[in-house]
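Just below is one structure, and these are the notes that go with it.
All of these numbers come straight from a predicted model, not from anything done at the bench. Side-chain atoms are counted along with the backbone in the values below, which use heavy atoms only and exclude waters and symmetry mates. The first residue of the sequence shown is numbered 1, and numbering continues consecutively from there.
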Amino acid sequence: QVQLVESGGGLVQAGGSLRLSCAASGRTFTSYSMGWFRQAPGKEREFVAAVSRSSLNTYYADSVKGRFTISRDNAKNTVNLQMNSLKPEDTAVYYCGASSRSGASWNLRERGTYDYWGQGTQVTVSS
């Protein structure tokens, strides 16, 4: 079992920055690839970014590429999402996920790849 707790959300003006953090507890953090998803009102939860176990590989949605950066600190059992140049369309609840899956048949951009989720943190970007 893995427990995930997100923090760092809030209200920011367009063009501003926020840094989200996700703290993991429970089983070995390095056994999991980590991802961030978001869900806006009335929309499906969508992929934002992911990082592999060793940080060797990172993945981004086209909508955030160049603005967001995902990173993990395996010594502190945390994964972070630095969000710059925020836009009103980035407004959503942001969720952290942990995936134990490995191999080419598993896609970190897909929700079904993840075993555990946090409770989410609200990000609101005003225009």
Side-chain angles (χ1 to χ4, degrees):
Q1 189 77 10
V2 174
Q3 292 79 42
L4 303 173
V5 179
E6 301 97 335
S7 61
L11 173 64
V12 65
Q13 288 188 332
S17 299
L18 280 175
R19 183 177 177 85
L20 304 184
S21 291
C22 174
S25 61
R27 301 185 69 178
T28 307
F29 184 63
T30 52
S31 298
Y32 297 89
S33 297
M34 302 297 295
W36 286 96
F37 283 66
R38 66 188 181 187
Q39 188 167 16
K43 294 188 176 181
E44 294 286 320
R45 190 175 298 190
E46 65 174 6
F47 170 75
V48 176
V51 59
S52 61
R53 292 174 177 83
S54 63
S55 299
L56 184 64
N57 297 305
T58 56
Y59 310 88
Y60 296 94
D62 288 343
S63 59
V64 306
K65 199 172 295 182
R67 300 188 298 123
F68 291 12
T69 303
I70 189 170
S71 62
R72 65 188 293 163
D73 185 336
N74 287 341
K76 296 182 179 180
N77 287 7
T78 58
V79 58
N80 302 304
L81 186 68
Q82 178 66 43
M83 306 187 295
N84 298 329
S85 302
L86 282 161
K87 304 175 180 180
E89 51 263 43
D90 295 318
T91 295
V93 177
Y94 283 70
Y95 297 91
C96 171
S99 172
S100 64
R101 311 291 200 264
S102 62
S105 60
W106 295 101
N107 186 341
L108 288 175
R109 297 173 183 271
E110 297 178 357
R111 290 170 51 186
T113 298
Y114 293 81
D115 305 287
Y116 303 101
W117 294 96
Q119 83 290 347
T121 186
Q122 176 71 47
V123 171
T124 303
V125 184
S126 63
S127 57

Legend entry - Distance, nearest 0.5 Å, that separates CD of Q122 from CD of Q39: 11.0 Å

Legend entry - Atom pair CD/CG of Q1 and D115 - distance to nearest 0.5 Å: 10.0 Å

Legend entry - Side-chain donor/acceptor of R67 to backbone N/O of S85, under 3.5 Å: yes

Inset, instruction - Indicate the atoms forming the closest heavy-atom contact of G112 with R101, along with that distance. - result: O-NH2, 4.4 Å

Legend entry - Atom pair CZ (F47) and CG (N107), whose distance is rounded to the nearest 0.5 Å: 8.0 Å

Inset, instruction - Report the hydrophobic cluster partners of L20, with the cluster defined as I, L, V, M, F, W, Y residues connected by side-chain heavy atoms closer than 4.5 angstrom, directly or transitively. - result: V2, L4, V12, L18, F29, Y32, M34, W36, V48, V51, Y60, V64, F68, I70, V79, L81, M83, L86, Y94, Y116, V123, V125

Legend entry - Separation of D90 CG from S63 OG (nearest 0.5 Å): 7.0 Å

Inset, instruction - May I ask you to decide if S33's main-chain N or O and Y114's side chain share a donor-acceptor pair within less than 3.5 Å? - result: no

Legend entry - Main-chain N/O of P88 paired with S127 side-chain donor or acceptor, under 3.5 Å: no

Inset, instruction - Look at the side chain of R53 and the backbone N and O of S100, then say whether any donor-acceptor pair between them is shorter than 3.5 Å. - result: yes

Legend entry - Inter-residue atom distance T78.OG1 - D73.CG, 0.5 Å rounding: 4.5 Å

Legend entry - Straight-line distance of S21 OG to R72 CZ, nearest 0.5 Å: 13.5 Å

Legend entry - Modelled atom types, side-chain donor and acceptor of N84 and Q82, under 3.5 Å: yes

Legend entry - NZ or CZ of R45 within 45° of Y95 ring axis and under 6.0 Å: yes

Inset, instruction - Report the C-alpha distance between K65 and D62 in whole Å, list the side-chain angles of each, state the deciding distance to 0.1 Å, and finish with yes or no for salt bridge (charged side-chain N to carboxylate O under 4.0 Å, His left out). - result: CA-CA 5 Å; K65 199 172 295 182; D62 288 343; 3.3 Å; yes

Legend entry - Any donor-acceptor pair under 3.5 Å from E6 side chain to Q119 backbone: yes

